[in-house]
Amino acid sequence: MSTLTERTEVASGYRAGRTLPLRVELIRQLKRRRTLVMYGILAVLPFVLVAAFAIGGEPDGGGNRITLMDTATASGANFAAVNLFVSAGFLLVIPVALFCGDTVASEAGWSSLRYLLAAPVPRARLLWSKLVVGLGLSLAAMILLPVVALAVGTAAYGWGPLQIPTGGSIDTGTAAQRLVVIVAFIFVSQLVTAGLAFWLSTKTDAPLGAVGGAVGLTIVGNVLDAVTALGDWRHFLPAHWQFAWADAVQPTPEWSGMIQGAAISITYALVLFALAFRGFARKDVVS
């Protein structure tokens, strides 16, 4: 009788919102080797670029075209901006695809997904916890790179204003604000990759398939954007706007491109996240 009463009390105190807390999921993901390796790669990149410039000399665009790369050694702020420039197209895609695509599929691959759901953790709660943590780790990766680059660049090239490739400069305080805007836009622009990876993660038991599929489809988007024959249709591709943040590296920033790019990315991401939740709610979980 007492056992029956205890079971009833436990059942009556059950709260779905308290299952799989974000803190628990975050700690689990932070302890994984792939997380530490990914952050390590991003933290090492600025040192690699400093070494490359030390060996090869100051960057020189050659010809009459002046790019952000030509100002890489002008100051720590310029060096941080260049690190984002060389990473936004591909390198920063990988942690987003990894942290959002490996999350659900890895549980299925370990045959622990059904045990989590039997805990019982509601399916929507499971996905929500994993999505929030995945996006949080992705944002942390994008913040880590410019922060380390700013510190390394300042040590190597000194603290100073952000030199604009076409001439002029932005004072250090404003430059710091612009770097925050740039990181925020890159994160929003990568929500499409996050959505693809997360949706694929609910469809397969192979983490590599979800991560690789998201990276592959992102590359396809970049290839399609290079096809000028598509004309204005390219404006509907998230890849078309991925470097719109360069408009922020101007004395007077231009926001229209970033606004359009953010709107396109958020729209695609919301659809993909909705498909992931809808499909997983009806999925027969056997692993």
Any donor-acceptor N or O pair under 3.5 Å, side chains Glu254, Gln250: no

- request: Could you please spell out the steps behind the side-chain contact (heavy atoms from CB on, under 4.5 Å) verdict for Leu49 and Asn83?
  value: CA-CA 8 Å; Leu49 289 181; Asn83 273 262; 3.4 Å; yes

message: I'd like to know if the side chain of Ser106 and the backbone of Thr103 have a donor-acceptor N/O pair within less than 3.5 Å.
response: yes

field: Lys130 and Ser201: CA distance, side-chain angles, deciding distance, side-chain contact (heavy atoms from CB on, under 4.5 Å) verdict
entry: CA-CA 11 Å; Lys130 290 189 172 295; Ser201 186; over 6 Å; no

Polar side chain donor-acceptor pair, Gln190 to Thr193, under 3.5 angstrom: yes

message: Taking the side chain as everything from C-beta on, heavy atoms only, tell me whether Ile94 gets closer than 4.5 Å to Val211.
response: no

- prompt: Say you draw a straight line from CD of Gln29 to CG of Leu98; how long is it, rounded to the nearest 0.5 Å?
  reply: 9.5 Å

message: When you group the ILVMFWY residues by side-chain heavy-atom contacts below 4.5 Å and let the links chain together, are Val24 and Ile27 in the same group?
response: no

- prompt: Do Ile143 and Phe187 come within less than 4.5 Å of each other through their side chains, counting heavy atoms only?
  reply: no

task: Find the distance between CG (Leu135) and CG (Leu191) and round it off to the nearest 0.5 Å.
output: 6.5 Å

task: Give a yes or no answer on whether the side chain of Tyr268 reaches the backbone of Ala263 with a donor-acceptor pair at less than 3.5 Å.
output: no

query: Do the side chain of Thr154 and the main chain of Gly76 share a donor and acceptor less than 3.5 angstrom apart?
result: no

task: Could you tell me whether the side chain of Phe99 reaches within less than 4.5 Å of the side chain of Ser138, counting heavy atoms only?
output: yes

task: Using the side-chain hydrogen bond (donor to acceptor under 3.5 Å, both in side chains) rule, take Asn222 and Gln242 through it: C-alpha gap first, then chi angles, then the decisive distance, then the call.
output: CA-CA 9 Å; Asn222 291 335; Gln242 64 180 338; 3.3 Å; yes

- prompt: When rounded to the nearest 0.5 angstrom, what is the spacing between CG in Leu150 and CG in Leu145?
  reply: 11.0 Å

task: Work out which heavy atom in Asp102 is nearest to a heavy atom in Pro207; give both atom names and the distance.
output: OD1-CB, 3.0 Å

- request: Look only at the side chain of Ser189 and the backbone of Ile186, and say whether a donor-acceptor pair between them is shorter than 3.5 Å.
  value: yes

- request: For atom CZ of Arg278, decide whether the heavy atoms of other residues, nucleotides or ligands shown that lie under 6.0 angstrom number more than 12.
  value: no

field: Polar side-chain atom of Ser265 near backbone of Gly261 as donor-acceptor pair, under 3.5 Å
entry: no

- request: For residues Ala244 and Met258, report the shortest heavy-atom separation together with the two atoms involved.
  value: O-CG, 3.6 Å

task: Find the distance between CD1 (Ile41) and CG (Leu36) and round it off to the nearest 0.5 Å.
output: 11.5 Å

message: Can you confirm whether Trp199 sits close enough to Phe277 that some side-chain heavy atom of one is under 4.5 Å from a side-chain heavy atom of the other?
response: no

query: Looking at CG of Leu196 and CZ of Phe198, how far apart are the two atoms once the value is rounded to the nearest 0.5 Å?
result: 12.5 Å

- prompt: Are any non-hydrogen side-chain atoms of Gln260 and His235 less than 4.5 angstrom apart?
  reply: no

- prompt: Going only through I, L, V, M, F, W and Y residues with side-chain contacts under 4.5 Å, is there a path from Phe53 to Val50?
  reply: yes

- prompt: According to a 4.5 Å side-chain heavy-atom criterion applied to Ile, Leu, Val, Met, Phe, Trp and Tyr, with indirect links allowed, do Val37 and Leu42 form part of one hydrophobic cluster?
  reply: yes

Phe79 and Thr73: CA distance, side-chain angles, deciding distance, side-chain contact (heavy atoms from CB on, under 4.5 Å) verdict: CA-CA 6 Å; Phe79 186 70; Thr73 59; 5.9 Å; no

field: Which atom of Ile264 lies closest to which atom of Leu237, heavy atoms considered
entry: CG2-C, 4.4 Å

message: For Gln163 versus Gly168, what's the shortest heavy-atom pair and its separation?
response: OE1-O, 3.6 Å

message: Quick check: do Val249 and Arg178 have side-chain heavy atoms less than 4.5 Å from each other?
response: no

- prompt: Roughly how far, to the nearest 0.5 Å, is CG of Asp247 from OG1 of Thr252?
  reply: 12.0 Å

- request: Answer with yes or no whether the hydrophobic clustering places Phe90 together with Phe85; edges join I, L, V, M, F, W, Y residues whose side-chain heavy atoms lie under 4.5 Å apart.
  value: yes

task: Go through the steps for Phe273 and Phe280 under the test ring-ring contact (aromatic ring centres under 6.0 Å, His included), then give the verdict.
output: CA-CA 11 Å; Phe273 290 146; Phe280 193 70; over 10 Å; no

- prompt: When hydrophobic residues are tied together by side-chain contacts of less than 4.5 Å, even through go-betweens, does Val271 share a cluster with Trp241?
  reply: yes

Derivation and outcome, side-chain contact (heavy atoms from CB on, under 4.5 Å), residues Trp233 and Leu224: CA-CA 10 Å; Trp233 287 104; Leu224 290 176; over 6 Å; no

- prompt: With a 4.5 Å heavy-atom cut-off, do Leu179 and Leu162 have their side chains touching?
  reply: no

message: Determine whether a donor-acceptor pair (N or O, by modelled atom type, separation under 3.5 Å) exists between the side chain of Ser75 and the backbone of Trp159.
response: no

query: What are the two closest non-hydrogen atoms of Trp245 and Ala81, and how far apart are they?
result: CH2-O, 4.0 Å

- request: Might you point out which heavy atoms bring Pro161 and Asp171 nearest each other, and give the distance in Å?
  value: CB-CA, 4.1 Å

query: Leu230 versus Val227: any side-chain heavy-atom pair under 4.5 Å?
result: yes

